[in-house]
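Here the structure is laid out as C-alpha cells; the discussion comes afterwards.
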Amino acid sequence: MEQRAAGVLGPVSTGACAAFAHAILFVALMLLFGGAISASGIGIPGLLLYAAVTITEKTLIRKTGSLPDGFTAGAFFLATIAALAVSIGTAFL
C-alpha cells in the first residue's frame, strides 16, 4: 500500500481525502446555491464516503496486492457526485 506523507495524526487515507473533498465541495456549492449548510449534509455523506472508499481500498489491496491507478481519481469523482447530489437536494427540494 502506498504511504502518503505523514500528517499530524499519521498517513492520510484515501477515504479521509474523499470525505474532506466532499465537505469542501458541499460548503462551496451551498454558498453558491444560497442554501443552508448543515451538519447532516456534511457528516452523514462524509462518513458513508469514508466507509465505502476505505472498505473498497482494503478489499482491493487484499485481493490484488495493490490499488488500481485510477482509484484516487474515482474516490474524488464519487465525492464530487455526492456533494452535487446533497447540495441540489438540500437547496432545491
Side-chain angles (χ1 to χ4, degrees):
M1 183 166 105
E2 176 185 320
Q3 291 292 325
R4 299 177 196 269
V8 176
L9 300 176
V12 180
S13 70
T14 307
C17 289
F20 188 63
H22 165 75
I24 290 172
L25 290 170
F26 175 75
V27 170
L29 288 169
M30 290 310 286
L31 290 173
L32 179 70
F33 294 147
I37 299 171
S38 63
S40 62
I42 295 174
I44 295 170
L47 288 174
L48 291 174
L49 274 168
Y50 176 77
V53 171
T54 302
I55 290 169
T56 305
E57 182 179 27
K58 300 288 183 194
T59 304
L60 284 173
I61 289 174
R62 188 176 310 128
K63 284 187 176 181
T64 63
S66 65
L67 287 174
D69 292 336
F71 184 77
T72 304
F76 180 74
F77 180 72
L78 184 64
T80 303
I81 296 300
L84 276 170
V86 173
S87 297
I88 290 171
T90 303
F92 298 117
L93 298 180

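Keep in mind that this is a model prediction, so the values were computed, not measured.
Every side-chain contact (heavy atoms from CB on, under 4.5 Å) that Ile44 has, sequence neighbours left out, goes to Ser40, Leu48. Under the side-chain contact (heavy atoms from CB on, under 4.5 Å) criterion, Ala21 pairs with Phe76, Ala79, not counting sequence neighbours. Here Thr59 pairs with nothing under the side chain to side chain donor-acceptor pair (under 3.5 Å) rule; sequence neighbours left out. Remark: Leu47 pairs with no residue by the side-chain contact (heavy atoms from CB on, under 4.5 Å) rule, at least two apart or across chains.
The two residues Val86 and Gly41 have their closest heavy-atom pair at CG1-O, 3.7 Å. The minimum heavy-atom distance between Leu49 and Ala82, with the atom names listed, is CD1-CB, 4.1 Å. Contact record, His22 with Pro45: NE2-CB, 3.5 Å, taken as the closest heavy-atom pair. Heavy atoms only, all atoms of each residue included: Ala75 and Ala18 are closest at O-CB, 4.0 Å.
The stretch residues 29-50 participates, sequence neighbours left out, in these ring-ring contact (aromatic ring centres under 6.0 Å, His included) pairs: Phe33-Phe92. For the side-chain hydrogen bond (donor to acceptor under 3.5 Å, both in side chains) condition, no pair includes a residue of residues 81-93, sequence neighbours left out.
Both Ile61 and Val53 are assigned to one and the same hydrophobic cluster, defined by single-linkage of ILVMFWY side chains at heavy-atom distances under 4.5 Å.
Taking a 6.0 Å sphere around CZ of Phe71, one finds it holds more than 12 heavy atoms contributed by other residues, nucleotides or ligands.
Within the 4.5 Å cutoff, side-chain heavy atoms of Ile37 are placed close to those of Leu31.
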